[in-house]
Amino acid sequence: MSNFSMDSFRLDGKIALITGGIYGIGFGIAVSLAEAGATIVYNSNTKEAVERAAEDYKAKGIDAKGYVFDITNESEVQQAVKQIEQEVGTIDILVNNAGIIKRIPMLEMSSEDFRKVVDVDLTGQFIMSKAVLPGMIDKGHGKIINICSMMSELGRETVSAYAAAKGGLKMLTKNICAEFGEHNIQCNGIGPGYIATPQTAPLREDGHPFNDFIIDKTPAARWGTVEDLQGPAVFLSSDASNFVNGHVLYVDGGILASIGKQP
């Protein structure tokens with residue numbers, strides 16, 4: 001018999017910080033980590049969003065602690081991480097989930113808009129990782145999960161800034177692995193496919209050309225759900241993935257594996 005135990009998927013006693021864990025994918029991942037035993041900490045830019053999410057966590061029986069800070073502001077982040085360490089404990093798991101997208105054709109996009117997307121979707125992840133890594137090094141272990149995208153691999157019209165940032169995030173993931181792997185810190189990514197969330201609801205109506213396009217393009221022939229991301233998130237947060245490092249796990253129903261259906 002091997003020494004493997006299903007307990008290696010448990011997160012009891014671990015503290016997980018999910019940036020932007022107030023709704024959608026971030027909230028869903030936070031719920032799954034809580035169900036696996038982790039203590040949940042989350043943030044948003046505004047007090048109102050943090051308080052709304054606190055009610056949603058409470059409704060699921062989760063005692064989560066919310067903090068207000070901007071992931072692109074390094075001094076705010078450093079201060080917040082110190083506060084979390086004092087009030088909750090050292091962060092074991094960081095899920096870099098917060099992000100934005102601006103769908104603007106490249107020739108119409110201002111450099112200010114481009115910089116804003118890169119700042120939130122890439123620089124913010126660097127700032128967050130930099131803030132938690134010293135505590136992880138001291139503790140002798142840590143998990144960082146960067147929420148990447150299929151746009152870490154593929155381009156598409158109107159998302160030049162987002163694709164540039166998510167492609168950069170894939171390489172930041174590999175670089176954190178290379179630099180901190182010797183400290184028993186694993187940094188991996190999750191690349192969601194097209195996920196059914198309230199934000200994508202208008203695109204998913206029957207007969208909508210984009211809905212048909214995604215279903216035809218996806219070998220699984222459906223949109224993904226937040227639940228589809230929960231198992232991968234628990235795995236990459238747990239001791240079960242201690243030798244998985246610098247990898248992006250694409251949860252996309254097979255889109256990246258397929259050229260698409262023959263017309």
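Just the heavy atoms: all of them, side chains too, but no hydrogens, waters or symmetry mates, feed the values below.
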Any donor-acceptor N or O pair under 3.5 Å, side chains [X], [Y]:
| X | Y | answer |
| --- | --- | --- |
| Thr173 | Asn146 | yes |
| Ser238 | Lys14 | no |
| Gln186 | Asn184 | yes |

When rounded to the nearest 0.5 angstrom, what is the spacing between [atom1] in [X] and [atom2] in [Y]?
| X | Y | atom1 | atom2 | value |
| --- | --- | --- | --- | --- |
| Ser32 | Phe235 | OG | CZ | 14.0 Å |
| Ile145 | Ile29 | CD1 | CD1 | 7.0 Å |
| Ile147 | Leu229 | CD1 | CG | 7.0 Å |
| Leu33 | Ile40 | CG | CD1 | 5.0 Å |
| Ile22 | Glu51 | CD1 | CD | 12.0 Å |
| Cys177 | His247 | SG | NE2 | 11.5 Å |

Next item on the list: Kindly state whether the ring of Phe213 and the ring of Tyr194 have centres lying under 6.0 angstrom apart.
Entry: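 Distance test on ring centres: not under 6.0 Å, no.
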Note to self: Taking the six-membered ring for Trp, are Tyr57 and Phe27 closer than 6.0 Å centroid to centroid?
What the structure shows: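 Yes, the ring of Tyr57 comes within the 6.0 Å limit of the ring of Phe27, centre to centre.
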Margin query: Show, in sequence, the C-alpha distance, side-chain angles and deciding distance for Lys143 and Asn242, and conclude whether the side-chain contact (heavy atoms from CB on, under 4.5 Å) test is met.
Written below: CA-CA 9 Å; Lys143 302 279 185 177; Asn242 280 350; 2.9 Å; yes
Consider only side-chain heavy atoms of I, L, V, M, F, W and Y, link residues closer than 4.5 Å, and tell whether [X] and [Y] are in one cluster.
| X | Y | result |
| --- | --- | --- |
| Met136 | Val244 | no |
| Val41 | Leu11 | no |
| Ile62 | Val50 | yes |
| Leu203 | Tyr23 | no |
| Ile18 | Ile185 | no |

Next item on the list: Measure the acute angle between the ring planes of Phe210 and His208, then classify it against the limits of 30° and 60° as parallel, tilted or perpendicular.
Entry: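 Ring orientation of Phe210 relative to His208: perpendicular.
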Next item on the list: Give me the ring orientation class for Phe4 and Phe9: parallel if the planes are under 30° apart, tilted from 30 to 60°, perpendicular past 60°.
Entry: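 Perpendicular: the ring planes of Phe4 and Phe9 meet at over 60°.
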Side-chain donor/acceptor of [X] to backbone N/O of [Y], under 3.5 Å:
| X | Y | answer |
| --- | --- | --- |
| Ser258 | Ile255 | no |
| Asn211 | Asp206 | no |
| Glu76 | Phe69 | no |

Next item on the list: List the steps and the verdict of side-chain contact (heavy atoms from CB on, under 4.5 Å) for Thr19 and Met128.
Entry: CA-CA 9 Å; Thr19 65; Met128 287 303 310; 3.9 Å; yes
Checklist line | Minimum heavy-atom distance between Ala49 and Ser44, given as atom pair plus value | finding: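 Smallest interatomic distance, heavy atoms only, reads CB-OG, 3.4 Å.
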Note to self: What verdict does the side-chain contact (heavy atoms from CB on, under 4.5 Å) test give for Gln125 and Asn97, after you've listed the backbone C-alpha separation in whole Å, the side-chain angles of each residue and the deciding distance to 0.1 Å?
What the structure shows: CA-CA 9 Å; Gln125 328 302 313; Asn97 164 75; over 6 Å; no
Within a strict 4.5 Å, meaning less than it, do heavy atoms of the [X] and [Y] side chains meet?
| X | Y | answer |
| --- | --- | --- |
| Asn96 | Ile144 | yes |
| Ile71 | Ile127 | no |
| Lys82 | Val77 | no |
| Tyr250 | Ser152 | yes |
| Asn45 | Val68 | no |
| Ile93 | Ile15 | no |
| Val248 | Leu169 | no |

Carboxylate-amine/guanidinium contact [X] [Y], below 4.0 Å:
| X | Y | result |
| --- | --- | --- |
| Lys217 | Asp212 | no |
| Lys170 | Glu153 | yes |
| Asp92 | Lys139 | yes |

Checklist line | side-chain contact (heavy atoms from CB on, under 4.5 Å) assessment of Val95 paired with Tyr42 | finding: CA-CA 9 Å; Val95 182; Tyr42 66 95; over 6 Å; no
Notebook entry, point to check: Counting only heavy atoms not in Glu85, do more than 12 fall under 6.0 Å of its CD?
Noted result: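 Counting neighbours around CD of Glu85, more than 12 heavy atoms of other residues, nucleotides or ligands fall under 6.0 Å, so yes.
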Extract all donor-acceptor atom pairs below 3.5 Å that involve side chains of residues 102-121 and protein atoms in other chains or at least two apart in sequence.
unit_1 : atom_1 : unit_2 : atom_2 : d
Ser110 : OG     : Asp113 : N      : 3.0
Asp121 : OD1    : Ile100 : N      : 2.8

